[in-house]
Every structure is written in structure tokens, then in C-alpha cells.
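Following this message is one structure expressed as C-alpha cells.
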Amino acid sequence: MDNPAAPVVQAGADKDAPLKEDIRLLGRLLGDVLRDQEGDAVFDIVETIRQTAVRFRRDDDPDAGEELATLLHKLTRDQTISVVRAFSYFSHLANIAEDQHHNRRRRAHLLQGSSPRSGSIGYALGKLAEAGIGRDAVDAFFRDALISPVLTAHPTEVQRKSILDAEHDIARLLAERDLPQTPKERRRNEQLLHARIATLWQTRMLRYSKLTVADEIENALSYYRITFLREVPALYDDIELEVAEQYGGDGSASAAHASFLQMGSWIGGDRDGNPNVNADTMRHALTRQSTTILDFYLDEVHALGAELSASTLLVKVSPALEQLADASPDASPHRSDEPYRRALIGIYARLAATARELGVGHILRKEVGHAAPYLDPELFAADLEVLADSLRQNHGAMLIQPRLAGLLRAARIFGFHLASLDMRQSSDIHERVLAELFARAGVEADYAALNEEDKRALILRELAQPRPLFSPYESYGDETNSELAILRCAREIRLRYGPRAIRNYIISHTETVSDLLEVLLLQKETGLMRIRAGSATAERSDVMVIPLFETIPDLQRAAGIMDEWMAIPLVADIIEKQGRLQEVMLGYSDSNKDGGFLTSNWELYQAELKLVEVFEQRQVKLRLFHGRGGTVGRGGGPSYDAIRAQPPGTVNGQIRLTEQGEIIASKFSNPEIGRRNLELLVAATLEASLTPHAAKDGAGGVDAGRLQRFESVMAELSNRAYKAYRNLVYETPGFTDYFFEATPIAEIAELNLGSRPASRKSTRRIEDLRAIPWGFSWGQCRLLLPGWFGFASSVTSWLDDASVGGEREAKLEELRAMYRDWPFFATLLSNMDMVLAKTDLAIASRYAGLVSDAGLRERIFRRISAEHGETIRCLEAITGASERLAGNPLLARSIQNRFAYLDPLNHLQVELIHRRRKLADNADPRVHRGIHLSINGVAAGLRNTG
């Protein structure tokens, strides 16, 4: 009987055929839903627009462009909403189909028994073994490493949880179609897909009320249930197997008891510019995190009790297991010979008591009897280890893997806190709080007016004082009370959930050493730090103080600030207690908005190299925290390539990086895709840390002399790019007006996307605008300017500048060598190539048409357009590729396939913005709703614009 499952792709066949089949299926079902829900007339309009857009995009038919504009202009308001929704949901469904195809191709690769793929753990270990890296070094890496993706909430996250849940079901059903199915099962599958797409259509895509921090917390926790709780422990299993395969043995020395991959979060603790984050949101974040992980443990322990039915009438058990079973509150005679079940009933009872102790409000299954709560997760893990040891000793080793192994790993990875919550606040807030404390205590009347040297001296003197500045008998301002309450809350959380619950304090806008010392003093005031009496040493320092260097000047000062910081005796003592480790965070978003794409990347590279040098001199291990966004302009792009392109000495088994906005959904809403992204992260860190490349010999096989020359060229290019970018964005009269009119920034600011305001201040100054909506707006209008502008100006002026020396062709050959031999430059151009593939000047010109001043519109758009054309020419001259994404044909096809369906959303968005801004439709809620729906659809279609 023929199997009607998705066809197996034969050699020489179109590898994307199953993807096209899935997209056709989902598109057809969406069409059926549209016809059923909205009627034939709306369906016909959508289909006509789709066909015309395809003709315009694929056939480059100018008549089709005119037809498309006419069609869209004639739509009624209600028709417009339906059309926007249809194309938006198609973008979402196309993403699901592409994710499924990535999973399909990966499985096909594994089934074919091909060599490990780049980015896999097996590939990384193979490269290391070839380079002579032994098992001891690999084991030491996994024992000591910390690799931490940190989820953040930002105002480009446009997905509602209801939408995510429905799409998760669609992805599951689509994956089932690759399995053998009978005709009846096939029909049933299609019916369920149809139903879930209908659910999507009937589900509100947008939020009508402002998103709260609590909503953001719940949204993030959904990814733990979908992906992290099972896939992170499973990845540890994979790594054990890969190490054993490469080096022999069982691999357990590498990963069995390690916790090298740990999750982090800013959601509920990041209060920089967010007045909605306070001590209560921190408590709520940890309560909800703890509830999520404890619910998981309770479910798994309950399921394990059903599975481990071994009887002592048939097998022996260890004395420790007998003791654990005897301590259980279960006294049922029916289980007297089933010690594993009795032990697990006792573990469940202790977990339930722990959950109540930690604020879990409802436990689905009531425990059999009373038991004492676990004081810490290590005791829970120890009980699970008793079960595992007994099984290993008594012919039950094969019973560990199905569930117990993953649960034991989860206990070690997630504890009772799930993820480490970072605190973040701006340095100017700390200064104001301390100024009030000093003034009220009669220590210093005007702390803020002191110079840097006097500030340091005052803080160091105060740190040595046994008495606090704060007095319960004084009254303080709301800001001071709130900040102190947050730090006191952090101490409570650490005592309640364990030290990993909160262990980092990040200082935004770090510009001086006193910015760091201020947080130390605030920690002393709130019990997070204690100085040993009569000495310059710390008795205890619970939370690491971490500077965040964001702007170009900040990055240039970073190494000097850290050198002075580590030279302070008290700080040196604190760092010693931190395991001679200090973290530094680098901000990609603000440095890009400040200085442009090329300069931001170069200054980050330079700052990292200088930090490595300073830290080596101080003999302190450096951990870099990369504040990367989704779009390339904010440090986005493939994490694997970005980590491998890091300067030598900057990884060393220690890396944290933010996962932001809609990138969280694109990476982790599908468990298999999520597992692959986590593997890429670990593999890249493993390669970057252990691949032999002494700093003096350069990177990527480049000798020191050539590397010095490359860096010299890059410095020159950066200077020129910086001037070109700053001249356009900050020095061109009217540019701010152009930006606010030619992008949907005003409409984005109105969306209920996040709990944080789009701007730091109530102004139209670009300096005050947050980097996230800045980049998001350029993505919506399909210019993506922060990801490329300034490159062409710098390259062409450098090539043509005779004073620099060398013939033009020889200098061009130098750039080609940089691209060929220097990973940093190759990754930079690769990311820019991806941005340019998603850029569309024709659509961007429609947005430019929204600018009311025709002269301003013409002047600035002509300049942007000229730079864009020259950027493509320069990129092609350096790389030799005449088409975008020549090295990534799958992504190139993906972009081309989806743009025919994305273009109408952009055209509709322009039409609706025009109606809202210029016409009487401004008060019509349907117009607002249509704009916001189109923003959602465009973001989903581009996938990394936030």
C-alpha cells in the first residue's frame, strides 16, 4: 500500500519540494478558512493581491506594481483588515513550514550517516581532536564553562501566547505528516490543521491592553515548557555521547555533573528605563519561575513512580534506596515490595512541601502524606541519585535513561529557581540614591557635584565603615526607597531560592569606576555585601557588579575603567572570592545607534582585545556578556558565526548573551529548532575556547603581521564610516523629521508590545530613542539602515584616497584578503549581506512618500539610495558574489519565496499610515488596528528585525 506521507527526497531531486508542499498545504487551508469565515469576495480580493504581488516580485512586472497599488487603494477599511490578517498569518504559517523543513533536512542528514555538520557538537569535537586537543581539556571545558542565553523582554516581541500555542500545535501536526500515515490518518491530520488555522483566524492577534511585566514573565516561561525544560537536559545527553564517540569511554566525565549551560533572565529584574519593574516584580518573577520548574518536577516524579514498578521479589535494591523508601509517608501494603515507588512517593511529598514553602499556589495532585520540604535542590538531586545508583547496581541501568536521567539533569541545571534573574539599573539612578543617603546621613551634602577622584575616595571610606548610611528614622524619596527595597528583595530571594537565583547586577551607562563602586556601597547598605571589620577585604559579596559599556566612547574607555577597578584592593579581594572571574557586558544596540554598523562592530572588537590584555595582566578570567539584539544592526545574525569570530582570548568557556524580542520565538518556539540553536551555542563556545590560536599569531590562521595590517585598514574604514553615519543621522538638518515620517516609529510606540516605553524621554530626539524601536522601525520600512549605512562611504573614500598609499586595485585586493582570511571581517560582511537581501528600495520609497516635505524627502532618500547602491557594488567587488546570500542558498530562497507575500503588507501599511496621518480616518480604530496588524506580519516575515 502506498504511503501518502511526505515524499522521500531522492538524490538529485528538489530538496525544497517538501517545503513547497507544506507551504501550499498551509496556504490552501488558510484560503479555505478565509473563504469560510469572510466569504468568497474577500477570498478573491486576497487571491488577486497575492497573484499580482507574485507577478510584481518574481517577474519584475511594472504593470503589476501599478495594479497592486490600485487594488490596495480601493480596499474598504474592513477589507483592509481582512487582507492584512490573511497575509500576516501566511507569514506565520510560512515560518512554521520553514522550521519543519530545517528539522526534516537535519534528520535526513543524520539518517544518511553523513559527517557531522558544521555547528554540531560532533563537528566541533572532531576539529578539536584533529588539532590535538585531548580528552582532559574537553572534560575541563565542560566542568568549568558557563554558557548562558539570557531571555529579555523588549518592545519588538509581537507574539501573544495564545498565538504561540496555536502555532505550536500546527507545527506538531505538520511534523506528523512526515511519518507513515494511513489515508484516514492523513485526512484526520488535515482536518486538525484546518481547525487550528481556523482557531488562529478567530484569535485576536494583538493585545488591546498594555503588556505588563507579569505578562512578559508568563510569555517567557512558555518557552521553558515548550523547549528548555526537556531540550537542555537532552543536549547534555547528546554531548556525553559525542564525547564518548570521539574520545572513547562513556563521556560522563565531561557532562554528568556539570552545569555549563544555564538559563538567565532579565524579565522582572531589568528596571533600566522601566518604571514598572520593582521589588514586587522580582518576587513575582521568582515565584512564577519556581512554580514552573516545581510543577515540572512534580509531574516527572509522578510519572516516574508509575514507571519504576520494580519489585524486591524479583530484583535487589541498594541499602540507600531501602532507607529512602522507608522514610516515605506511603504505608500502602500494595507497594510494600516496590521500594522505588515508595521512595518516589516520599520525594513527591517533599517536593510538594517545598513548592508550598516557595509560594506555589496550587498543586494538581495531592501528596500521600506529610514530609519535610527540601532545603535546597542539591538534596532533591541527591535523592534522585540514590534511585539511579540503585538501578545501576541491580540490573536496572537501562531504566534510568527514559526519564530519571533527564529529571536528575534538570534538577542540577534549573534548581528551584529555573533561571538566574539579573538586576539592571542605570548609573545615574545609583548616583541620585547615594546622593540622598549621603546628604541625610550628614556625610556629604552634594555627592553628585564631586569629581571622580573624590567620589571614589568617599565611597571607599564609607565601605570601610561598619555603620550603614540608611536610617529607619529618616524619610527618603520614592526613588531611594524603591531602589533599596529592590536590593533587599534580592537578598531575600537568594536566601529563599538559592544563590544562583540572583547573582549579577548590571550597571547601564557605566562611564567611570565610581559607577561600579556605588553599587558595591548599595549592596553593603542592603546586606548583600559585608566588609571585614578593620580591613579592606570582603567577608561576603553575593552579587557580581557588572559594567555595561554601550556607546562608542564607553567602549573606548572600557579597558581603562576595568584596569582601575581591578587595581582597588577591596575589589581585588572580591574578585578573588568570585573565583578570579569578572564579567563585562558589551552593548551592541546603543553603540550601533551611536556610531553605525561598521564602527560599532569595530569598536566592540577593539574593546574586547584591550579587555583581554588588561585581564591577562591582572590574571583574572574575563567573561563577556554580549547584549545582542535580533537585527544585525543590534549585534544579531547567526550566533555560531558571531562566537567563532570573536577575538582570541575573549571566550575561554565563559559567555553570556541576550536573546531578545521575536528572536526568542523564532529560535525556541519549536523544540527541535530550539535544541539545534542551543547546540550551536555550545559548539561555537567549545570551538572558540579550545581551538589553538595564540593571540600573537592572529586569528583564523592569519599571521601577526597581516592581522596588524588588516586591523589598521579596519580602523581607517571605521573612522570614515563613523563620519558618514553621524553626518546623516545626527548632523543632517531635518533627518529626525524624515525618520519619524518615513517609518512607523510613532505607530510602533503606540503598540502594546512591551512594558517598557519606546523612548527614554518624552522627546523626538534620536539620542533619547531606545535602540530597539530605532532598529525595528527601519526593518518595517524595509530599509534596515542600521545594518549597512556608512560601509560604502568608508570603502570608496579609502580606495580613492591616494594619501593612504597603494593603488586602488591593490587596496581592493587587501579587502578581499581580509574577507577571505579574517573571520571577523568575513562575518561582518556576511551579516551585512543578509541585511541587504532583506532590504527593498522600491518599498522603502513608498514609505519615503509619507514625508510631507518633498524637498526633505528627495534630499535624504536620494542620499540613502545612493549609499545603498554603492554598498552592494562594494560588497560584490570584495566578495565576488553578484547575488545576495550566494553562500546560503536556502536562506536566499526563503527570503525570495516569502517576499511576494510580505510586499502587500508593506504596501498596505503605507496606505493605512497615510490614511491615519493625513485623512479623516485618524480616529477610526480599524485603521489603527490594521497598521498594528501589518507591523506584526512584517516582523514575522522578516524574522530578525527587532
Under 3.5 Å side-chain donor-acceptor pair for Arg503 and Ser420: yes
Do Phe142 and Val682 come within less than 4.5 Å of each other through their side chains, counting heavy atoms only? yes
Would a distance-only check, ignoring hydrogens and angles, find a side-chain to backbone donor-acceptor pair under 3.5 Å from Gln523 to Val543? yes
Could you check whether atom CZ of Arg540 has more than 12 heavy atoms from other residues, nucleotides or ligands sitting under 6.0 Å from it? yes
Tell me whether Glu539 at atom CD has more than 12 heavy atoms from other residues, nucleotides or ligands lying less than 6.0 Å away. yes
Stepwise salt bridge (charged side-chain N to carboxylate O under 4.0 Å, His left out) check, Arg135 with Asp139: CA-CA 6 Å; Arg135 173 67 180 268; Asp139 289 347; 2.9 Å; yes
Measure from the side-chain N and O atoms of Gln289 to the backbone N and O of His417, and report whether any donor-acceptor pair falls under 3.5 Å. yes
Assess whether ring-ring contact (aromatic ring centres under 6.0 Å, His included) is satisfied between Tyr374 and Phe380, documenting all intermediate values. CA-CA 7 Å; Tyr374 287 110; Phe380 170 49; 5.6 Å; yes
Checking Arg500 side chain against Ile413 main chain: does a donor-acceptor pair fall under 3.5 Å? yes
Arg283 pairs by side chain to side chain donor-acceptor pair (under 3.5 Å) with which of Thr287, Thr281, Asp280? Asp280
Let me see the working for Arg656 and Asp422 under salt bridge (charged side-chain N to carboxylate O under 4.0 Å, His left out), right down to the final yes or no. CA-CA 12 Å; Arg656 296 208 301 149; Asp422 286 0; 2.9 Å; yes
Parallel under 30°, tilted from 30 to 60°, perpendicular over 60°: which one fits the rings of Tyr588 and His626? tilted
Take the angle between the ring planes of Phe260 and Tyr236 and call it parallel below 30°, perpendicular above 60°, tilted in between. parallel
Ignoring hydrogens and angles, tell me if any N or O in the side chain of Gln619 forms a donor-acceptor pair with the backbone of Phe615 under 3.5 Å. no
